[in-house]
Amino acid sequence: MRVETKQDILDDVCARLGLSRIQVSSGSTEPREFFLRIVSLLGLPAPKKTDKPGLARCIVESAGNLWLPEFESRGSTITLSGLRAVRQAVYLFIHD
C-alpha cells in the first residue's frame with residue numbers, strides 16, 4: 001500500500017478547488033502560496049499571522065476545527081497531519 005505524501009494532499013486540494021498544481025519543494029516543504037490561494041479563494045478573513053502555520057491555522061479554525069501543535073514543526077513547516085487537517089477543512093467549505 002502506498003503512503004500518502006504531502007504532494008498527494010496538495011494535488012487533491014488544488015484539484016478540488018480548481019487551482020493550478022503547486023509543487024512541494026525540496027525537503028517536502030509546502031509553499032506559502034498554497035495556503036494564500038486557499039484563504040483567498042474561500043474568502044476567509046486575513047489571519048493575524050501570515051506565515052505558513054498562521055495561514056494553515058486560519059483555514060482549519062475557520063472550518064470550526066482545532067489546530068493542534070503537532071500540525072506544525074520547526075522552521076514554519078506544516079506536517080503531513082497538518083496538511084490533512086487543511087484538506088479536511090477545505091472539504092467542509094466546499095461540501096463535496
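All values below come from the heavy atoms of this structure, side chains included, with hydrogens, waters and symmetry mates left out.
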Seminar exercise, completed: For P47 and V39 the tightest heavy-atom approach is CD-CG1, 4.5 Å
Exercise. Roughly how far, to the nearest 0.5 Å, is the CD atom of Q88 from the CD1 atom of I9?
Worked result: 11.5 Å
Exercise. CD of E33 to CG of L10: how many Å apart, nearest 0.5 Å?
Worked result: 11.5 Å
Exercise. When you check the gap from the basic side-chain N to the acidic O, do E4 and R84 get nearer than 4.0 Å?
Worked result: yes
For this session: Compare every heavy atom of F35 with every heavy atom of I78, then report the nearest pair and how far apart it is.
Result: CG1-CZ, 3.6 Å
For this session: Would you indicate whether the side-chain heavy atoms of N65 and L92 approach each other to under 4.5 Å?
Result: yes
Seminar exercise, completed: Residues I22 and Q7: closest non-hydrogen pair is O-NE2, 3.0 Å
Problem set entry | Between CG on residue D8 and CZ on residue R2, distance to nearest 0.5 Å | 4.0 Å
For this session: Locate the shortest heavy-atom distance separating P31 from Q23; write the atom from each residue and the value.
Result: CG-O, 3.3 Å
Exercise. Between W67 and A56, which heavy-atom pair has the shortest distance, and what is it?
Worked result: CH2-CB, 3.5 Å
Seminar exercise, completed: So CG of L44 and SG of C58: to nearest 0.5 Å the spacing works out to 5.0 Å
For this session: Would you mind reporting whether D12 and R87 have side-chain heavy atoms less than 4.5 Å apart?
Result: yes
Exercise. Can you find a heavy atom in the side chain of C14 that is under 4.5 Å from one in the side chain of R21?
Worked result: no
Problem set entry | Spacing of R37 atom CZ and L19 atom CG [to the nearest 0.5 Å] | 6.0 Å
For this session: Rounded to the nearest 0.5 Å, what's the gap from CG on L55 to CD on E30? Could you check?
Result: 11.0 Å
Problem set entry | Minimum-distance pair of heavy atoms, taken over all atoms of V86 and I38 | CG1-CD1, 4.0 Å
Exercise. Does some side-chain heavy atom of T79 sit less than 4.5 Å from a side-chain heavy atom of K6?
Worked result: no
Exercise. Under a 4.5 Å cut-off applied to non-hydrogen side-chain atoms, are T77 and E72 in contact?
Worked result: no
Exercise. Would you call D51 and R32 a salt bridge, using N to O less than 4.0 angstrom?
Worked result: no
Exercise. Think R57 forms a cation-pi with F71, using NZ or CZ under 6.0 Å from the six-ring centre and within 45 degrees of its axis?
Worked result: no
Exercise. Does any non-hydrogen side-chain atom of L83 lie less than 4.5 Å from one of F34?
Worked result: yes
